[in-house]
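Everything on this sheet refers to the single structure shown next.
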Amino acid sequence: MTTKTEKQKMLDGELYMASDLQLSEDREYARKMTRTFNQTTETDGELRTRLLKELFGSTGEHLGMEPNIHVDYGYNIHVGNHFYTNFNCTILDVVPDNMIVGGNPARIIREIEL
């Protein structure tokens, strides 16, 4: 029988030890990426997009977020096309296409028709 890693348990939705070395390193990487993103300016649109595409598990086209953002791991986040969040957003879940997210704490406000 193969023993699952704590990361695999997390990805499978099972109980896991967040203090696991690999998960700790993954969170540290995500913190570094979000800190870099949060230090960008309003004229750094291309850099912001590049950082988010590197941090998130997957993204659609037309991605926009305003700083400050916070995530646990980043790679568990999958956002669809035409995704935008306003300031001070924490995301820990999957977000479908054509959504606007706002508020603190963030909530999906509505689906938009394009």
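Each residue takes its place number in the sequence, starting with 1. Given the structure is predicted, the values throughout are model-derived calculations rather than measurements.
Glu14 is linked by a side-chain contact (heavy atoms from CB on, under 4.5 Å) to Lys4, Lys9, Asp12, counting only residues two or more places apart in sequence or in another chain. Annotation: side-chain contact (heavy atoms from CB on, under 4.5 Å) contacts of Thr43 (sequence neighbours excluded): Thr41. When the ring pair (Phe, Tyr, Trp, His ring centres under 6.0 Å) test is applied to His70, no partner is found at least two apart in sequence or on another chain. Legend: residues meeting side-chain contact (heavy atoms from CB on, under 4.5 Å) with Asp26, ordered by chain and number and at least two apart, are Lys7, Gln22, Leu23, Tyr73, Tyr75.
Note on Glu28 versus Lys32: salt bridge recorded, some NZ/NE/NH1/NH2 to OD/OE distance being below 4.0 Å.
A distance of 10.0 Å separates OG1 in Thr34 from CE in Met65, rounded to the nearest 0.5 Å. Distance check, rounded to the nearest 0.5 Å: CD of Gln39 to CG of Asn68 gives 9.5 Å. Atom-to-atom distance recorded for Ile77:CD1 and Phe83:CZ is 8.0 Å, nearest 0.5 angstrom. Distance CG/Leu52 to CD1/Ile91: 8.5 Å, rounded to 0.5 Å. Note: Thr40 OG1 to Asn38 CG = 7.0 Å, rounded to the nearest 0.5 Å. Summarising the geometry, atom CD belonging to Glu6 is positioned 8.0 Å from atom OG belonging to Ser19; distances are rounded to the nearest 0.5 Å.
Looking only at distances, a side-chain donor or acceptor of Arg27 sits under 3.5 Å from a matching main-chain atom of Ala18. A donor-acceptor pair under 3.5 Å links the side-chain atoms of Asn81 to the main chain of Glu61, judged by distance alone.
Follow the hydrophobic side-chain contacts under 4.5 Å out from Met10 and you never reach Met17; the two are in separate clusters. Both Val79 and Leu47 sit in one connected hydrophobic cluster of ILVMFWY residues. Membership requires side-chain heavy atoms under 4.5 Å apart, directly or through other members.
Evaluation of the ring pair (Phe, Tyr, Trp, His ring centres under 6.0 Å) test over residues 6-65, restricted to residues two or more places apart or in two chains, returns His62-His82. Among residues at least two apart or in separate chains, salt bridge (Lys or Arg N to Asp or Glu O under 4.0 Å) pairs with a member in residues 66-76 are Arg31-Asp72, Arg48-Glu66.
Here the closest heavy-atom approach between residue Gly60 and residue Lys53 is recorded as O-NZ, 3.4 Å.
Annotation for Glu25: atom CD counts as buried by contact number, over 12 foreign heavy atoms lying within 6.0 Å.
Taking the side chain as every heavy atom from C-beta outward, Thr90 and Ile69 never approach each other to under 4.5 Å.
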